[in-house]
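Working notes, structure below.
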Amino acid sequence: TDPSKENDISIIVLHQVIAGATVGPSDYMFRYGNDVIPTTMLPEGHAAVLCGHIHRHQVIRYDLDGRQLPYPIIFAGSTTRTSFAEADETKGYIVAKFDRSSSPGGVLRSSSFFPLPSRPMVTINLAINGKSDSYQVDQLVAKLSQIDENSLVRLLIDGCEASQQRGTEIFSAPVLRSIAPETMNISLGIPHQRFRLPKGHK
């Protein structure tokens, strides 16, 4: 049915990926896929799409071919950072104002983004060398003292497989909990290693 016959303002609310949305530090753009809604599937007669699911704040006004959409697609984004892929993203909320108009479903008059404070996300790279376990722990304590005590910290052990294995032994969960401030979240990870095929394979 025509939404303008029943409502002064008609808004589509979704929690879904829409073609043209971008995410991540590499600005990956969703274009096609079983879970990606093409903008051509959005019905006419609305003032805007208010969409969740994508954690980066953005407003889509054009389709993949550069044509202007009949109404904007607004992603407010998440109100807090949930992964290190979002470490550099500003989080916040949207205040949108709509007006009745001759356009079916009304029109979006303004959309303002208001930033919210977010906990810092910090990656610490630590090289395990021939020093003692206590020295390695002291090195991490020194690094932690230089960052915000409310940070979300990812500790990455650099070096060969043997060094990484030793790192996981030194920095067990109880050790990390004992040296990090109570307000700090800290986790241990291993950097991705390039997969090498055996000789003779391509």
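At least one side-chain heavy atom of Met29 sits less than 4.5 Å from a side-chain heavy atom of Thr22. Looking only at side-chain heavy atoms (C-beta outward), Ile54 and Val23 come within less than 4.5 Å of each other. Put simply, the side chain of Asp8 does not reach to within 4.5 Å of the side chain of Phe98, judged on heavy atoms. Counting only heavy atoms from C-beta outward, the side chains of Asn129 and Gln136 approach each other to under 4.5 Å. Side-chain contact between Asp99 and Lys97 is absent, with no heavy-atom pair separated by less than 4.5 Å. Side-chain atoms of Ile94 and Ser111, non-hydrogen and from C-beta on, do get closer than 4.5 Å to each other.
Under the 4.5 Å side-chain heavy-atom criterion for grouping Ile, Leu, Val, Met, Phe, Trp and Tyr, Tyr135 is not connected to Ile128 through any hydrophobic cluster. Ile9 and Ile74 fall within the same hydrophobic cluster, defined by Ile, Leu, Val, Met, Phe, Trp and Tyr side-chain heavy atoms under 4.5 Å apart, directly or through other members.
Shown here for Val59 and Pro72, the closest heavy-atom pair between the two residues is CG1-CB, 4.0 Å.
Ser151 pairs with exactly one of Thr183, Val122, Ile186, Leu144 by the side-chain contact (heavy atoms from CB on, under 4.5 Å) rule, that one being Val122. When each of Thr123, Asn185, Asn125 is tested with Arg154 by the rule side chain to side chain donor-acceptor pair (under 3.5 Å), just one qualifies, namely Thr123.
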**Request:** Output, in order, the C-alpha distance, side-chain angles, deciding distance and verdict of side chain to side chain contact (heavy atoms under 4.5 Å, CB included) for Val137 and Ile170.
**Result:** CA-CA 8 Å; Val137 171; Ile170 296 173; 3.9 Å; yes
**Message:** Determine whether Asp27 and Arg56 satisfy the following criterion, side chain to side chain contact (heavy atoms under 4.5 Å, CB included), listing intermediate values before the conclusion.
**Reply:** CA-CA 10 Å; Asp27 292 330; Arg56 178 191 291 185; 3.0 Å; yes
**Intermediate values then yes/no, side chain to side chain contact (heavy atoms under 4.5 Å, CB included), Leu108 and Tyr71** = CA-CA 8 Å; Leu108 174 68; Tyr71 44 80; over 6 Å; no
**Request:** Begin from the C-alpha positions of Ile18 and Phe75 and carry the test side chain to side chain contact (heavy atoms under 4.5 Å, CB included) through to its verdict.
**Result:** CA-CA 10 Å; Ile18 299 179; Phe75 290 90; 4.3 Å; yes
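A donor-acceptor pair is defined here as one N or O able to donate and one able to accept, closer than 3.5 Å; no such pair exists between the side chain of Glu149 and the backbone of Met184. The closest donor-acceptor contact from the side chain of Arg81 to the backbone of Arg119 lies under 3.5 Å. In this structure a side-chain-to-backbone donor-acceptor pair under 3.5 Å is missing from His15 to Cys51.
Note that OG of Ser83 and CD of Glu89 are 8.0 Å apart. Values are rounded to the nearest 0.5 Å. In this structure, Arg31 CZ and Leu64 CG are separated by 5.5 Å, a value rounded to the nearest 0.5 Å. Atoms NZ and CD, on Lys91 and Glu86 in that order, are 3.5 Å from each other to the nearest 0.5 Å. Atom-to-atom distance recorded for Leu42:CG and Ile37:CD1 is 6.5 Å, nearest 0.5 angstrom. In this structure, the separation between CD1 on Ile124 and CD on Gln139 is 11.0 Å, given to the nearest 0.5 Å. To the nearest 0.5 Å, atoms NE2 (His53) and CG (Leu14) are separated by 11.5 Å.
A 6.0 Å sphere centred on CG of Asp88 holds no more than 12 heavy atoms belonging to other residues, nucleotides or ligands. Enclosure of atom CZ in Arg61 is not indicated, since only 12 or fewer non-hydrogen atoms of other residues, nucleotides or ligands lie within 6.0 angstrom.
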